[in-house]
Amino acid sequence: MGLPIDIDIYAFASDEEARSVVSWILGYVGLPQNFTILAANVPNALAYTKSGQRYILYNQTWIANIQSTSTNDWEATSILAHEIGHHLSGHTLVAGGSRPLLELEADIFSGFVLAQMGASLSEAQSAINRLVPEYGLSTHPPRSARLAAIANGWVSACERWQIVIRLMA
């Protein structure tokens, strides 16, 4: 999100795996990859715009820890999908940083795209279940609201596929 602070971006490009996952996610929404994905001095991951360039910044250690402690392969993917949701929803064009409503919109996108990619609802919700506190903050809603948002996106994607299947029959 358009942060009013300078962020130290490391001089090396992000892992190829992160770029590949972002391309995979965008393939399900039919858009080209036009984000720069970089490892940066951030606490976790965030969508950021600077001088018209869109970035997804992530902490390599944080993502590696998620991948090594997760019980499924979807957690890091859902985090990147959430950040892509911020960009595609125009959140990075709005001043003010993270706000609960914007976080829920990004969660809906994450649930929607993960359903299309083949994640179960519990897999799509896994990262939020494991990493987000039960109670919200001024910038982020509580875990229950975020899980509901992911479920809404996931169910919406499943319903759309059912309509497509009926139309093709």
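All residue numbers refer to positions in the sequence shown, counting from 1.
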TODO: Given side-chain contact (heavy atoms from CB on, under 4.5 Å), test I79 with H82 step by step and report yes or no.
DONE: CA-CA 5 Å; I79 290 163; H82 173 93; 5.6 Å; no

Mind checking the [atom1]-[atom2] spacing from [X] to [Y]? Nearest 0.5 Å is all I need.
{"X": "N34", "Y": "Q53", "atom1": "CG", "atom2": "CD", "value": "8.0 Å"}
{"X": "R99", "Y": "H91", "atom1": "CZ", "atom2": "NE2", "value": "8.5 Å"}
{"X": "Q33", "Y": "I84", "atom1": "CD", "atom2": "CD1", "value": "7.5 Å"}
{"X": "S68", "Y": "I63", "atom1": "OG", "atom2": "CD1", "value": "11.0 Å"}
{"X": "L101", "Y": "S89", "atom1": "CG", "atom2": "OG", "value": "10.0 Å"}
{"X": "Q125", "Y": "D107", "atom1": "CD", "atom2": "CG", "value": "10.0 Å"}

Write down the atom of [X], the atom of [Y], and the distance for their closest heavy-atom approach.
{"X": "E75", "Y": "S70", "answer": "CD-OG, 3.3 Å"}
{"X": "S78", "Y": "L114", "answer": "CB-CD2, 3.6 Å"}
{"X": "G85", "Y": "A106", "answer": "C-CB, 4.3 Å"}
{"X": "A157", "Y": "Q116", "answer": "CB-CG, 4.1 Å"}
{"X": "Y28", "Y": "W24", "answer": "CD1-O, 3.2 Å"}
{"X": "P100", "Y": "P141", "answer": "CA-CD, 3.6 Å"}

- [ ] Kindly determine whether L57 and E83 satisfy side-chain contact (heavy atoms from CB on, under 4.5 Å), including the steps that lead there.
- [x] CA-CA 9 Å; L57 306 177; E83 299 308 330; over 6 Å; no

What about [X] and [Y], same hydrophobic cluster or not, with Ile/Leu/Val/Met/Phe/Trp/Tyr joined at side-chain heavy-atom distances under 4.5 Å?
{"X": "I25", "Y": "I66", "value": "yes"}
{"X": "I56", "Y": "W74", "value": "yes"}
{"X": "L31", "Y": "F109", "value": "yes"}
{"X": "L137", "Y": "L131", "value": "no"}
{"X": "W154", "Y": "I108", "value": "no"}

- [ ] Flag the pair R146 / H140 as yes when at least one side-chain heavy-atom distance between them is below 4.5 Å, and no otherwise.
- [x] yes

Open item on the list: Any heavy-atom pair between the side chains of F35 and L88 that's under 4.5 Å?
Closed with: yes

- [ ] Could you tell me how the ring of Y48 sits relative to the ring of Y55: parallel (under 30°), tilted (30 to 60°) or perpendicular (over 60°)?
- [x]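 Rings of Y48 and Y55: tilted, 30 to 60°.
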
Donor-acceptor pair, [X] side chain versus [Y] backbone, under 3.5 Å?
{"X": "T69", "Y": "N65", "value": "yes"}
{"X": "S110", "Y": "A81", "value": "no"}
{"X": "S156", "Y": "N152", "value": "no"}

Open item on the list: Between T92 and H86, is there a side-chain donor-acceptor contact under 3.5 Å, judged purely by atom types and distance?
Closed with: no

Open item on the list: Would you say R130 and T71 are linked by a side-chain donor-acceptor pair, where the criterion is simply a distance under 3.5 Å?
Closed with: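 No donor-acceptor contact under 3.5 Å links the two side chains.
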
TODO: May I ask you to check whether over 12 heavy atoms, not counting those of N129, lie within 6.0 Å of atom CG?
DONE: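 More than 12 heavy atoms, drawn from other residues, nucleotides or ligands, come within 6.0 Å of this atom.
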
TODO: Show your working on side-chain contact (heavy atoms from CB on, under 4.5 Å) between N44 and N59 and close with a plain yes or no.
DONE: CA-CA 5 Å; N44 42 51; N59 181 304; 5.7 Å; no

Open item on the list: Suppose clustering is done on Ile, Leu, Val, Met, Phe, Trp and Tyr with side-chain heavy atoms closer than 4.5 Å. Which residues sit in the same group as V132?
Closed with: I128, L147, I150

